[in-house]
Student: 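So that we are looking at the same thing, I have put the structure below in structure tokens.
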Amino acid sequence: MLGKHKIIALLTDFGLKESSVAAMKGTILGICPEAQIIDISHEIPLFDVRHGAFVLASAAPYFPKGTIFVGVVDPGVGTERRGIVVETENYLAVGPDNGLFSLLMDRERVRSVYEIRNEDLMLEKKTHTFHGLTIFSPVAAHLANGVEPRMVGPKIKNYIRWSIPKTMVKEGVIWGEIIHIDQFGNGITNITENDLEKIGVTYGSNIKIRIDGKRINSPFQKAYGCTKIGSYVCVIGSYDFLEISINQGNAAKKLGIKVGSKVKVERQIKIR
Amino acid sequence: MLGKHKIIALLTDFGLKESSVAAMKGTILGICPEAQIIDISHEIPLFDVRHGAFVLASAAPYFPKGTIFVGVVDPGVGTERRGIVVETENYLAVGPDNGLFSLLMDRERVRSVYEIRNEDLMLEKKTHTFHGLTIFSPVAAHLANGVEPRMVGPKIKNYIRWSIPKTMVKEGVIWGEIIHIDQFGNGITNITENDLEKIGVTYGSNIKIRIDGKRINSPFQKAYGCTKIGSYVCVIGSYDFLEISINQGNAAKKLGIKVGSKVKVERQIKIR
Amino acid sequence: MLGKHKIIALLTDFGLKESSVAAMKGTILGICPEAQIIDISHEIPLFDVRHGAFVLASAAPYFPKGTIFVGVVDPGVGTERRGIVVETENYLAVGPDNGLFSLLMDRERVRSVYEIRNEDLMLEKKTHTFHGLTIFSPVAAHLANGVEPRMVGPKIKNYIRWSIPKTMVKEGVIWGEIIHIDQFGNGITNITENDLEKIGVTYGSNIKIRIDGKRINSPFQKAYGCTKIGSYVCVIGSYDFLEISINQGNAAKKLGIKVGSKVKVERQIKIR
């Protein structure tokens, strides 16, 4: 499956203040010295599996076929929670069985999910607090070395998986919700360009949004910079979803919205 | 122009909490798998083009000939603002035409500046909010693959460029200003060692500084650690400019100075 | 000593907001283009040599034989403080002679320590404020190129070195102290699993801890997640030391402990 470029891309909530991520990298390079290690993010909010799943799924499609993702956002480390390898058409993903790869699976054709059981692929070490180091990193490195995914353990079906909630489009109204708030305070909804087309919204249209009891009117534009600084602007962002934004401002803070906030979107018809 | 080591060095204001930088890296590796990606910084203050220009120009001269810089501090993304490739004697730089490469151009012999127009070198993607991903990263990767800079689009002359203000040295006085404040609170001026020589200041001299209405006296030393902890010390820092510092302290905070603060420097003559 | 994979792993307190770390990387790649540069951490608390020593020693053992570490936590830069190269059985370490490699030396068999004097291996540059750039990075890159450690300068014996304080185990009581507090607020002690065995504590035991005048009871478990969220839990963490933790909480903040806090540990005997 892999060519000579063995990319292993890491996502954790460990931060870079301690040695955790470096220990993972050293372990990977000890097993697969040719690995090209890329950091996706180590600043996922602590234990926020959904946030991690979103960031991972957003970055993954840009990586070359054969990339191995290691994801460690893992509040259940050391408990009965299993470790898994997800094999999709293009990628492998290694990490805890807690839904962290759910959105990656939404974007990819999933081939198989394996439970990690093969102790020969793990690090010999007593600690039970850091499977990112003792299990997921060495397993990823062995996969990069050409070990077949089925060698890690048995195929399983009952892994944990959740999905982005679906929008509802009815009578010129889209009902959706906020699924992610990025560091700039953009509120990313689950609403697609296709949803907007169904209610007749195209670039340059104005839209009415109701969110958490607040009403805003905003142009739908190609880019944040298409309105004046400080004004609301809605765009299809790099996540391919409608974002509620303020040009050079923080929309999430101003509106007090959070992940899960319900969003109602209508086309604004000009009176005259 | 490039040898077998294809370094692509990235500077953005995206932070590392989201998937943006990782998506750029994945895109680069998809086009040029041999690329060696180096992070300059992703923590440039949001939309602060001048800060980004300073950090980029400070790091660049240490990189090997042939390095390709990708800079994305880009408040105007998605507007009429053009994308450019700057070709200097030693480097290529890819990013928005907003002055981000001005200081790099000050330090390098500039050969040509090209406007990016060739859509064959861009990512096919609908989003208009993230040219770092859809334009600058793929263009840089194609350049690393050996695409000639002139293939990106027409040569232009009317790109945006600004310069570090010049000092004035007259009658034993240097008039300068603060051009950067680093994370440690060192105030970096536009004053060079050459300026100091003109007014007779050498290592070990004491200097009088007037800045934003405040007066300080400070020794001019080789290193911060040459005075006692908590004392003012002026050094020629790694930026090759005079820095106003406090040993293990934060001079910018204590003095309340900021970028643009005017600085007057004189040699302090000892009375007896 | 080195194979074809030339890993240079960096640890500094510079942060990634400025150009310092990038300038170091560019310098390394200019001298040794094949170097594989890995970041251990650039977020060591400013000038906190002991914290840096702990993080470095925690990450190092996971790296392949032949890795070259560059450590720059260096309040004394530019003073008489020497630069050194430490040669251990498995690694080289380059940085200031201020104790930063003390704990690495505890974990490794030390062969020799050399003072860096050979100016041919340094960068020609006037600044005296940034030896990470002008001395340690180029020396590390030359070592990666195969320069023998003894070429950097004379062997020395009187380098600075300190050690983790030893525990005392007596009459069923372990006397130890906090040696590190990680970003999650886990208090890492100097107490080993071996110490605990001596007082009869095994996984599942309950232990009594007295620390800074406070008393807590906690189970000794394999992993944080083995108690309920918000409860104290003691584990042997990835540092191989006893950690005082709260599952998904911040023990250090709650207990008000800091590095140096004395810890008294006893096995808790159940009454009935």
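It should be emphasised that the depicted structure is a prediction, and the values quoted were computed from it without experimental measurement.
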Student: May I ask you to name which of A57(B), A60(B), P64(B) has the most heavy-atom pairs under 4.5 Å with chain C?
Tutor: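 Of the options given, most contacts go to P64(B).
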Student: With a 4.5 angstrom heavy-atom cut-off, which part of V235(B) approaches chain C: side chain, backbone, both or neither?
Tutor: side chain
Student: What residue in M24(C), K25(C), E18(C) has the most heavy-atom pairs under 4.5 Å with chain B?
Tutor: E18(C)
Student: Measure L123(C) against the heavy atoms of chain B and call it side chain, backbone, both or neither at under 4.5 Å.
Tutor: side chain
Student: Kindly indicate whether the side chain of L16(C), heavy atoms from C-beta on, has any atom under 4.5 Å from the side chain of D39(B).
Tutor: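 No. Closest side-chain heavy atoms not under 4.5 Å.
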Student: Looking at A9(B), S58(B), P45(B), which has the largest count of heavy-atom pairs under 4.5 Å with chain C?
Tutor: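 Greatest number of close heavy-atom pairs with chain C: S58(B).
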Student: For L46(C), is it the side chain, the backbone, both, or neither that has a heavy atom closer than 4.5 Å to a heavy atom of chain B?
Tutor: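 Only the side chain of L46(C) comes within 4.5 Å of chain B.
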Student: How close do Q183(B) and G15(C) get, counting heavy atoms only, and between which atoms?
Tutor: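 In terms of heavy atoms, the two residues are closest at NE2-CA, 3.5 Å.
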Student: Under 4.5 Å from any heavy atom of chain C, what part of I40(B) do you find: side chain, backbone, both or neither?
Tutor: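 Both backbone and side chain.
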Student: So which heavy atom on S19(C) is nearest to which on Y239(B), and how close?
Tutor: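 Minimum heavy-atom contact is OG-CE2, 3.6 Å.
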Student: Which bit of L10(B) is near chain C, if near means a heavy-atom gap under 4.5 Å: side chain, backbone, both or neither?
Tutor: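 Neither the backbone nor the side chain of L10(B) comes within 4.5 Å of chain C.
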Student: Considering only heavy atoms, which portion of F184(B) lies under 4.5 Å from any heavy atom of chain C: side chain, backbone, both, or neither?
Tutor: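 Side chain only.
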